[in-house]
There are 2 protein chains.
Amino acid sequence: MSLAEPRAGVACPAGPLRPSAAARAALRPAAGSRISGGFWQERRAVVAGVCIPQGPALLETAGNLHNLRLAAGLAEGGYRGALPFLDTDVYKWLEAAAWQAAEPDSLPADLRADVDGMIALIAAAQQPDGYVDSWFQVTGNGQRYQDLRWGHELYCAGHLIQAGVALHRSTGRTDLLDIARRFADQIDSVFGPGKAIDGVCGHPEVETALVELYRETGERRYLELAGYFVDRRGHGLLAPEDRRGRGTGPAYCQDHVPVREAQEVTGHAVRQLYLLAGVADVAAETGDEELRAAAERLWAEMTARKTYLTGGIGAHHDEEDFGDAYELPSERAYCETCAAVASVQWNWRMALLTGEAKYSDLLERTVFNAVLPGMSLDGERWHYVNPLQVRDGYRQPDGDHGARRAPWFSCACCPPNVMRLLASLPHYFASADGTGLQLHQYATGRYSARIADGDRDGIGGEAGEAAVRVATEYPWNGRISITVAESPGLWTLSLRVPGWSAGARLTVGGEPVESAPEDGWLRLRREWRAGDEVEFELVLEPRLTVADPRVDAVRGCVAIERGPLVYCVEGVDHPGGGLDDLVFDPAAGLTEKQDPALLGGVAVVRATGWRRGAGAEGGWWPYRSLGPGAGEGTGNGARQGADEEVRHLGEQVEVTAIPYFAWANREDGPMRVWLPTR
Amino acid sequence: MSLAEPRAGVACPAGPLRPSAAARAALRPAAGSRISGGFWQERRAVVAGVCIPQGPALLETAGNLHNLRLAAGLAEGGYRGALPFLDTDVYKWLEAAAWQAAEPDSLPADLRADVDGMIALIAAAQQPDGYVDSWFQVTGNGQRYQDLRWGHELYCAGHLIQAGVALHRSTGRTDLLDIARRFADQIDSVFGPGKAIDGVCGHPEVETALVELYRETGERRYLELAGYFVDRRGHGLLAPEDRRGRGTGPAYCQDHVPVREAQEVTGHAVRQLYLLAGVADVAAETGDEELRAAAERLWAEMTARKTYLTGGIGAHHDEEDFGDAYELPSERAYCETCAAVASVQWNWRMALLTGEAKYSDLLERTVFNAVLPGMSLDGERWHYVNPLQVRDGYRQPDGDHGARRAPWFSCACCPPNVMRLLASLPHYFASADGTGLQLHQYATGRYSARIADGDRDGIGGEAGEAAVRVATEYPWNGRISITVAESPGLWTLSLRVPGWSAGARLTVGGEPVESAPEDGWLRLRREWRAGDEVEFELVLEPRLTVADPRVDAVRGCVAIERGPLVYCVEGVDHPGGGLDDLVFDPAAGLTEKQDPALLGGVAVVRATGWRRGAGAEGGWWPYRSLGPGAGEGTGNGARQGADEEVRHLGEQVEVTAIPYFAWANREDGPMRVWLPTR
């Protein structure tokens with residue numbers, strides 16, 4: 001059998017994504033995934049114990065709740081903040097709280113009161129016909145749907161819908177879903193073929209939300225509206241305004257080309273990937289092969305040419321957008337945390353749609369190395385942007401989009417986005433296809449799948465629940481112990497073998513099993529019994545990585561990786577002169593050491609390098625001529641000969657690398673992922 | 001004698017900068033500089049024959065004149081454009097026309113009529129108390145001087161003053177100067193110690209303009225007001241507004257630190273350098289050593305750490321600002337044309353203030369390689385930004401700040417800035433200090449200086465006019481023939497030997513002269529007679545240049561330079577596959593050929609390289625592991641061994657390099673200055 005064959009009729013569990021029974025997807029999210037220990041549980045405990053509880057006060061301080069109160073007529077004063085989409089911070093926090101409520105230890109009572117209060121507030125702000133948007137209701141800055149390019153009304157609606165779906169799916173509670181449906185119905189009454197408005201939102205997001213609302217309610221018109229919004233992009237419905245020539249143009253707003261015709265990802269990275277998540281959703285629910293092909297094509301283009309080693313995307317600060325192919329500067333990499341969240345969401349949809357392991361490869365890389373660095377280890381401070389290099393003497397820009405963590409942002413999209421992702425993370429780790437259970441990611445916990453057709457391929461077997469318990473110290477240790485907890489008999493346990501892996505060892509019941517991965521999957525089809533034990537081990541040795549030579553920014557550099565983790569060096573580990581003059585020796589080898597006391601417990605990698613000596617003195621110009629006699633005529637310019645270059649290699653130093661996700665947790669200082677070699 | 005000793009009492013000619021007799025500057029602009037042939041005359045002929053004549057129609061189409069008419073009550077409708085400083089395009093065009101009017105062939109009659117019309121329009125728009133600003137008068141968007149951070153009122157005033165001074169200095173005409181003085185007086189009545197407003201403008205420019213107004217009128221209060229504006233920066237008078245956290249913050253507006261305390265250039269590059277031009281002016285006129293030291297310190301910091309090989313400055317698109325030290329990406333280099341113009345202006349002020357050759361070294365590099373690329377060879381199209389690399393498949397961003405030339409811009413600061421600079425260019429080429437004439441730049445023409453004290457150092461000599469004629473094909477040919485046209489007897493002819501020069505040959509009257517340059521100057525002090533001939537030759541061989549290793553963006557790359565010119569390769573000269581896969585062979589040598597048919601006649605440099613073969617097929621990930629066994633476990637990722645790397649070096653190709661100033665004149669395509677080596 002192939003995992004890529006679509007299997008219909010499999011029920012799906014609670015989680016952000018629940019394909020309908022009719023969906024043409026290879027895989028479904030597995031039922032009942034639970035993370036109960038290890039690395040991810042620690043990170044998620046911070047979200048549950050620190051980030052989500054802090055949310056209500058932060059939303060109060062930043063004015064988001066005040067703005068909704070203004071819209072509800074419950075407060076006086078002016079709209080706070082300068083952005084029209086501040087409602088979404090509330091919605092994303094509610095979504096995070098909703099997923100958290102599905103966890104075994106659920107939400108504490110005071111947070112449930114906050115949830116109740118916010119829902120009551122949104123209900124009070126909602127207008128009789130279902131419309132709710134504090135910016136437009138309060139500022140009077142334009143009428144409804146007249147500023148689709150920058151107004152973000154449908155974007156706000158999308159996040160409201162996702163929060164309503166999450167709370168319903170997670171707890172059965174219907175009030176927020178009802179509010180969301182009323183807004184969706186209002187939108188559906190106005191937008192679409194033959195209706196009052198032929199238009200799309202400048203910020204995609206409602207597309208994927210409407211598909212999920214269809215899945216939750218069974219109302220097919222939501223799916224049709226999502227398909228309409230997907231296909232009306234790229235037809236110039238959002239004519240660019242003259243706003244200093246940037247920030248709201250066609251590519252930025254994803255209105256530059258119909259997505260079916262697009263050949264490359266471009267424009268605002270979050271907008272592009274939210275759109276592509278919606279494209280994957282519509283393709284799955286409609287079986288539209290052209291849309292699926294577009295999503296596959298654009299994923300391949302993005303991955304091969306516009307993705308950082310960390311999985312981060314979006315090279316430019318200017319418009320938070322993708323750069324050209326291979327334009328991936330380390331310093332000033334934008335890599336917005338929200339874009340990484342969007343990439344996880346899109347990759348998971350692609351993994352389910354196609355059954356291909358590469359999407360979960362990129363998901364793993366991204367969640368470890370592009371989402372997690374956005375949140376400090378203690379959950380108190382955030383990165384909006386995630387550069388791969390911070391120089392000695394780095395200067396934080398005027399705004400809050402620099403390399404230094406902040407407790408919150410004037411545009412605070414990222415923190416609640418990380419919260420909602422990590423609160424629902426188990427959902428992204430395992431899938432089912434009716435014939436088995438696929439483990440895409442490895443975390444201590446329990447994962448189960450409904451086996452629908454045990455008699456597939458004629459061997460026979462019962463329908464029923466297949467469940468496994470996973471115990472692992474991954475990503476610090478590559479051993480993954482899997483115990484079958486429930487089995488209806490014959491089914492396939494599939495284990496993803498990450499692309500970075502140099503080898504995997506496998507035993508079943510203590511017996512070595514020779515099994516080569518097929519397209520990234522190890523597939524174990526057999527009669528499983530409760531108590532069967534599978535030991536799976538990925539080799540986690542530190543390794544050196546180089547980039548395609550077209551990635552000019554890191555020419556002559558190597559990066560250190562270990563398992564799924566990208567490493568970096570920080571100034572705090574290299575006293576006596578910063579990092580700008582560090583030269584790495586790739587020949588000297590790497591050693592690793594688990595350090596339980598450092599950064600909450602990480603594997604540290606040690607290597608060797610030099611600290612380059614200071615340049616020739618007295619030169620005012622940082623460029624010099626090569627070749628005999630060059631530049632000898634006058635006193636200007638830095639001049640060095642070959643002898644000098646050797647001398648300038650300077651003292652040998654020990655290089656200490658830590659996981660990139662843990663950087664900027666000790667002090668503000670220089671950092672780099674890519675290390676220059678001699 | 002030293003050129004750095006200030007010499008007072010020397011009269012100065014027409015030109016943008018005319019230090020007062022009391023100024024504490026080592027040098028003064030030379031009287032009567034005229035460029036009459038060769039490279040710069042060709043470029044200036046395009047400005048005079050194409051750019052300046054096109055100005056009035058472009059200003060009409062873009063709405064600048066309409067806005068002034070609205071302010072004057074002479075038109076109906078709304079303010080056109082979204083920017084509050086559109087008046088300055090008119091003022092800068094007037095300044096360009098004013099300098100052009102001083103040229104031997106002057107301005108044609110129809111352009112004189114345009115000048116008359118614009119001056120009448122500004123006069124009509126000016127309010128009774130002298131204030132004139134079409135944005136504030138027309139839009140009613142705020143009251144005068146209430147939005148100093150973004151309103152640009154004093155910036156506009158500065159350009160009006162410079163235009164008024166230029167027209168007066170160039171032609172003796174007083175009407176525009178009178179308008180400007182009335183605005184300056186209105187500003188002076190409101191701003192300053194003990195006056196109604198203690199504030200500065202978010203965009204420096206009025207500082208240097210007020211110093212020039214002082215020089216032109218003798219009114220010392222303008223100098224004092226300039227000094228006040230210089231020193232009130234950095235005290236938080238411009239509190240940042242919440243505008244998405246960027247674009248108007250303290251560093252952007254040059255309000256982050258008092259300039260006397262600043263240790264590095266930062267923030268918006270044009271703002272920073274306009275301010276520093278004003279700092280140099282105030283330092284020269286007041287003898288303020290602390291201000292002079294700040295300017296010298298910031299110049300050294302900028303040059304050593306934040307200047308591109310082209311002389312371009314400003315690494316970031318986001319806020320048009322400086323990056324961190326050594327953060328100089330080639331792709332997406334911002335290098336705004338206006339910032340290069342500002343650098344020329346500031347460098348000339350520093351050259352005159354100090355007498356040091358290095359400032360004219362950087363001026364030469366900048367005007368050839370950072371200003372000129374902003375204008376197409378035919379004068380019809382412009383670059384706002386000047387990247388050092390454009391990739392295969394480059395995608396122009398939504399706005400007009402990309403790598404493709406445009407006929408005009410929504411923010412059209414650059415074109416008239418280039419016009420006013422090139423129209424006044426002879427002014428920047430030679431100086432006088434009372435004891436001699438200094439040639440800073442080499443262009444066919446006539447340069448003269450007043451010799452005030454022929455008896456200095458006791459040798460004796462007459463006061464009077466020293467003049468030389470220069471004939472040269474520089475920068476194509478290094479021979480510079482200098483003939484003394486007038487001589488009062490004993491004086492010093494000083495020739496700048498550029499820092500890039502590998503050697504200079506000199507004969508006087510046909511006799512070789514051994515004379516080592518001293519701090520970049522060859523100084524020939526003798527009794528000169530009319531008809532004396534000096535032959536000076538700079539060796540112009542193509543050379544390879546590398547960057548300080550901290551410039552991460554160009555690690556493993558070389559650039560080609562020849563004389564003052566930086567070279568680049570363009571896709572059009574390398575058919576069959578773009579430039580992303582070009583690998584340069586630095587060992588293969590460079591050859592040069594003058595090609596009179598190409599790009600108006602340029603020296604082409606030829607070299608050798610390879611075109612790298614395509615990467616390993618089938619990989620979806622552009623990063624690969626080094627080392628044995630790495631990445632062999634699964635089918636993902638691009639994998640190459642050492643053997644493959646050699647194979648992938650691919651076919652040998654001829655590399656053709658052209659001067660960077662002439663790029664983007666044949667077709668839109670890829671380009672790069674820095675060439676990867678094997």
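In what follows, chains are A, B, ... by sequence order, proteins preceding strands, each numbered from 1.
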- Message: At a 4.5 Å cut-off on heavy atoms, which part of Leu328(B) comes close to chain A: side chain, backbone, both, or neither?
- Response: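 It is both, since atoms from each part get that close.
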
Least distance between heavy atoms, [X] atom then [Y] atom:
| X | Y | value |
| --- | --- | --- |
| Arg496(A) | Ala357(A) | CD-O, 3.7 Å |
| Val265(A) | Met302(A) | CG2-CB, 3.6 Å |
| Leu83(A) | Tyr79(A) | O-OH, 2.7 Å |

- Message: Closer than 3.5 angstrom, by distance alone: can the side chain of Asp392(B) be matched with the main-chain N or O of Gly578(B) as a donor-acceptor pair?
- Response: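 A pair under 3.5 Å: no.
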
- Message: Can a donor-acceptor pair be found, under 3.5 Å and without considering hydrogens, that links the side chain of Arg391(A) to the backbone of Arg550(B)?
- Response: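 The answer is yes, because a donor-acceptor pair under 3.5 Å joins these two groups.
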
- Greatest number of heavy atom pairs closer than 4.5 Å to chain A - which of Arg332(B), Glu331(B), Arg395(B):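 Highest number of pairs under 4.5 Å: Arg332(B).
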
- Task: May I ask you to name which of Gln389(B), His316(B), Glu561(B) has the most heavy-atom pairs under 4.5 Å with chain A?
- Result: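 Heavy-atom pairs under 4.5 Å are most numerous for His316(B).
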
Between [X] and chain B, which part of the residue has a heavy atom less than 4.5 Å away: side chain, backbone, both or neither?
| X | value |
| --- | --- |
| Val558(A) | side chain |
| Ala504(A) | neither |
| Tyr326(A) | both |
| Leu582(A) | neither |
| Thr307(A) | both |
| Arg672(A) | side chain |
| Glu541(A) | neither |
| Glu264(A) | side chain |

Determine the option with the most heavy-atom pairs under 4.5 angstrom with chain B, choosing from [options].
| options | result |
| --- | --- |
| Gly323(A), Gly393(A), Ala325(A), Ala300(A) | Ala325(A) |
| Ala553(A), Gly556(A), Ala251(A) | Ala251(A) |
| Val551(A), Asp580(A), Asp552(A) | Asp552(A) |

- Message: Using 30° and 60° as the class boundaries, would you call the ring planes of His401(A) and Tyr384(A) parallel, tilted or perpendicular?
- Response: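 Parallel: the ring planes of His401(A) and Tyr384(A) meet at under 30°.
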
- Item | Parallel, tilted or perpendicular: rings of Trp150(A) and Phe85(A) (30°, 60°) |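 If you compare the ring of Phe85(A) with that of Trp150(A), the planes turn out perpendicular.
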
- Run the side chain to side chain contact (heavy atoms under 4.5 Å, CB included) check on Ile560(A) and Leu544(A) step by step: do they pass? CA-CA 5 Å; Ile560(A) 298 172; Leu544(A) 294 178; 3.9 Å; yes

- After noting the C-alpha distance and the side-chain angles of Trp500(B) and Trp621(A), does the key distance pass the ring pair (Phe, Tyr, Trp, His ring centres under 6.0 Å) rule? CA-CA 10 Å; Trp500(B) 48 259; Trp621(A) 189 235; over 10 Å; no

